[in-house]
Amino acid sequence: MKDRAVHMMAFSPHPIDTEWGIGGTVARMAKEGKEVVYVVATNGDKGHMDPDMLPDKLAEIREREQLAAAEILGVKEVIFLRHPDLGLEYTLDFRKEVLRLILGYRPHIVATCDPYQHMKYFNNSDHRVLGRLVLDTVWPTAIAPNTYRDLLEEGYKPHKVQEILLWQTPEPNFYYDISDTFDIKMAAFKCHPSQIGDPVEAEFADRIKESAENAAKNIGCKYAEAFYREDVLQRL
Ligand SMILES: [Zn+2]
C-alpha cells in the first residue's frame, strides 16, 4: 500500500455524503480510468429519527448501502473507519489515522466536505471536524516528517497532495461538468434508502437536481458539481 498513487482520495463524514457532494465527479473520474478511493469516517449509526432503529442495525445497513453506491460509481475501494456517528473529535490520534492513509495511498487530489459549509449556525459536528482535520493533515502535517518519525520507521514517506476539492462549500470557485454522469450520481444516491427513502423522497431528488443545474450555469453545461478548489502549498 505504501507505494500506491491514487488520483483522488475522498474523505466522507458519513455514508451518502460523497454521493451527495461529488458523486458525478467521482463517476466521471472512474470512467476516465482514474482511481478514486473512498474513506468513510463514521458508521452513520445515529442518523435516523425512528427510535426503533437501533444503532448496530443502522450501521450495518449504512455500510451495505455505501458499498452498493460505490460500486455504481466505479469506486473499487471503500475504507470504513467506523467512528461513532456524531462522535468525531479533533484529536492527534485521529489525525494520525488520516495521515497514515494519505501517506499510504499518495493521492494527487484530496476531497472532503468544506468544514464551514453552507449553514452559518447549524451544521453537523462530524462535517466540521473531518473537513478541518483533513485539511490540516494535507498541509502542513503530511510534508512535515518530524511530526511522524514513527511512520517513517514503518516505511512511509512524506507526500505532497497537489490539490484539494471541498464540497458543500459556501465559496465555490470551481465547477466540474457532470452532464454525462448525472444519471450515475442519481443511481448511486438511490442506493441509500435508509437516508432518503424508497422510493427516494421528492425533496431529496429535487434538491440534488436543482443544485447540479445551478452549478452548471457557471460553466454553461447541463449538470455540474461545485467546489472550493485550491492548489496545496508545496512547502512549509
Ligand atoms: Zn454527513
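Whatever order the structure lists them in is the order used to number ligands and atoms, beginning at 1.
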Q | side-chain hydrogen bond (donor to acceptor under 3.5 Å, both in side chains) involving N43 - partner list, sequence neighbours excluded | A | none
Q. Listed by chain and number, what are the side-chain hydrogen bond (donor to acceptor under 3.5 Å, both in side chains) partners of Y228, not counting sequence neighbours?
A. E230
Q) How about the Zn ion (ligand 1), which protein N, O or S atoms come within less than 2.8 Å? A) H14 ND1, D17 OD1, D17 OD2, H127 NE2
**Q.** Pairs satisfying side chain to side chain donor-acceptor pair (under 3.5 Å), at least one member in residues 127-141, at least two apart
**A.** H14-H127, D17-H127, Y90-D136, Y116-R132, Q117-H127, N123-R128, H127-Q168, R132-D136
Q) Do D93 and T91 have a side chain donor and acceptor closer than 3.5 Å? A) no
Q: Please check if any side-chain donor atom of Y38 sits under 3.5 Å from a side-chain acceptor atom of Q66, or the reverse.
A: no
Q.
Classify the ring geometry of Y223 against F182: parallel below 30°, tilted from 30° to 60°, perpendicular beyond 60°.
A. parallel
